[in-house]
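Proteins get letters first, then strands, A, B, ... in listed order; numbering begins at 1 in each.
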There are 2 protein chains.
Amino acid sequence: MAKMQKEYNLSKNQQIVFDIIERSSEPVKAYSILYNVKKKGIKAPPQVYRALEKLIKLGKIHKVESKNAFVACKSSNCEISKATAFSICEICEKVTEIANNKLSNFLNSFEDKSGMKYKKYNLEFFGLCKKCKKT
Amino acid sequence: MAKMQKEYNLSKNQQIVFDIIERSSEPVKAYSILYNVKKKGIKAPPQVYRALEKLIKLGKIHKVESKNAFVACKSSNCEISKATAFSICEICEKVTEIANNKLSNFLNSFEDKSGMKYKKYNLEFFGLCKKCKKT
DNA sequence: AACAGTATGTAATAATATAACATTTGAAAG
DNA sequence: CTTTCAAATGTTATATTATTACATACTGTT
C-alpha cells in the first residue's frame with residue numbers, strides 16, 4: 001500500500017525509467033536506460049532525460065554526480081531530494097546511499113561565514129568497501 | 001617565493017591550464033579552457049584533459065562535479081585533493097570553496113555502519129548567496 | 001467544449017570526455 | 001655522454017552525456 005502511494009502518479013515513461021533504476025543493484029547511466037527501454041517504445045534521449053529530471057524532482061531517484069549515473073532513493077520518506085550522501089568504493093565502484101541522522105543533522109544545520117543559507121546538498125564519500133579492503 | 005614553490009614542477013601545458021583556472025573568478029569548463037589556450041598551441045581536448053587530471057591529482061584544482069567545471073584550490077596547504085566542499089548559488093551560480101575546520105573534521109572522521117573507510121569526499125551545498133537572497 | 005499544464009515523439013546537434021597511437025622531453029643511472 | 005624510462009605531448013578519431021527546438025497528444029479542470 002505504501003509502495004503504491006509512492007508510485008501512482010508517475011507517467012508512463014517516468015514509471016518505465018524508474019523501474020529500470022529501482023531494479024538495478026548499481027547506478028544506471030542514462031544511455032544504458034535508453035538502451036534498455038527501446039523495447040518499450042522509448043527511442044530518444046530526451047524521453048529518458050525528461051523522465052530522469054522529473055524523478056529527481058520528486059525525490060524518487062538521485063544522480064550520483066561523480067559517475068553520471070542514477071540510483072533509486074532508498075529512504076521511503078525522501079519526498080523531495082534535497083540532502084543526499086553516498087559512499088562509493090574506488091575499486092568495485094559500488095555505490096550506497098548513506099542514511100545517517102548524525103550526518104544529515106550536521107549538514108542540514110551547517111552554516112559558514114559566507115552568509116549563505118543552504119537548502120540542499122550532495123555529498124560523495126570515496127574509499128574502499130569492506131570486501132575490497134581485504135583484497 | 002611560496003608561490004614559486006607551489007608551481008615550479010608543473011609542465012608547460014599544466015601551467016597554461018592552471019593559469020587560466022586560477023585567474024578565473026568562476027569555475028571554468030574544459031572546452032572553455034581549450035578555446036582559451038588555442039593561441040598557446042594547445043589544440044585538442046586530450047591535452048586539456050590530461051593537464052586537468054594531473055592538476056587534480058596534485059590538489060591544485062578541484063572539479064565541481066555538478067557543473068563539470070574546474071576551480072583552483074584556495075587552501076595553500078591542499079597538497080593532495082581529498083576533501084573538498086563547495087557552496088553553489090542556485091541563481092548567480094557563484095561557487096566558493098568552503099574552508100571550515102568543523103566541517104572537515106566532522107567529515108574526515110565520519111564513519112557509518114557499512115564498515116567502509118573513507119579516504120576522500122566531495123560535498124556540494126546549494127542555496128542562495130547573500131546577494132541573491134535579497135533580490 | 002475550451003483551456004492550461006504536463007507529457008510525449010522526433011530529429012538534430014551541443015557539450016563533455018576518452019581511446020589509441022606516434023613522438024618528444026627530461027631527469028636519473030650507468 | 002648516452003642509455004633508459006617515465007612523463008608529457010601532439011594528433012586523429014570517436015565515445016559518451018545532455019540539450020534544443022518544435023510538433024503533437026494526453027489529462028484534468030472549468
Stepwise salt bridge (Lys or Arg N to Asp or Glu O under 4.0 Å) test for B:K67 and B:E93: CA-CA 9 Å; B:K67 300 184 101 54; B:E93 309 224 302; 3.5 Å; yes
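- The nearest whole Å value for the distance from the CG atom in A:L10 to the P atom in C:dT6 is 15 Å.
- Counting only distance, with no hydrogens or angles, the side chain of B:E53 and the backbone of B:R50 share no donor-acceptor pair below 3.5 Å.
- Comparing the axis of the opening five pairs of the helix from C:dA1-D:dT30 to C:dG30-D:dC1 with that of the closing five pairs yields an angle of 30°, rounded to 10°.
- For A:Q14, the listed nucleotide lying nearest its side chain is C:dA7; candidates were C:dG9, C:dA7, D:dA7.
- With B:E22 contributing its side chain and B:D19 its backbone, the two residues share no donor-acceptor pair below 3.5 Å.
- Atom CG in B:L52 sits about 15 Å away from atom C1' in D:dT9, given to the nearest Å.
- A salt bridge links B:E90 with A:K119: at least one charged nitrogen is closer than 4.0 Å to a carboxylate oxygen.
- The shortest distance between the side-chain N/O atoms of B:N13 and the OP1/OP2 oxygens of D:dG10 is below 4.0 Å.
- The separation between B:L34 atom CG and D:dT12 atom C1' is 14 Å, rounded to whole Å.
- Residue A:Q47 places at least one side-chain N or O closer than 4.0 Å to OP1 or OP2 of C:dG9.
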For nucleotides 15-30 of chain D, give me one character per nucleotide, 5' to 3': B if any protein heavy atom sits under 4.0 Å from the base, S if the only such contacts are to the sugar-phosphate, - if neither. --BBBBB---------
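- Look at CG on B:N9: it is 13 Å from C1' on C:dG26, rounded to the nearest Å.
- Within 6.0 Å of atom NZ in A:K133, more than 12 heavy atoms from other residues, nucleotides or ligands are found, so the atom counts as buried in its surroundings.
- A sub-4.0 Å separation between OP1 or OP2 of C:dT6 and a side-chain N or O of A:K54 is absent.
- Between B:F125 and B:F86, the gap from one ring centroid to the other reaches at least 6.0 Å.
- Checking the phosphate oxygens (OP1, OP2) of C:dT8, a side-chain nitrogen or oxygen of A:S11 falls inside 4.0 Å.
- Checking side-chain atoms of A:E124 against main-chain N and O of A:S66 turns up a donor-acceptor pair under 3.5 Å.
- OP1 or OP2 of D:dG10 has not a single side-chain nitrogen or oxygen of B:K43 nearer than 4.0 Å.
- No donor-acceptor pair closer than 3.5 Å links the side chain of A:S24 to the backbone N or O of A:I20.
- The separation between B:E53 atom CD and C:dT18 atom C1' is 10 Å, rounded to whole Å.
- The main-chain N or O of B:K74 is found under 3.5 Å from a side-chain atom of B:E97 such that the two form a donor-acceptor pair.
- Within the 4.0 Å cut-off from OP1 or OP2 of C:dG9, at least one side-chain nitrogen or oxygen of A:K12 is found.
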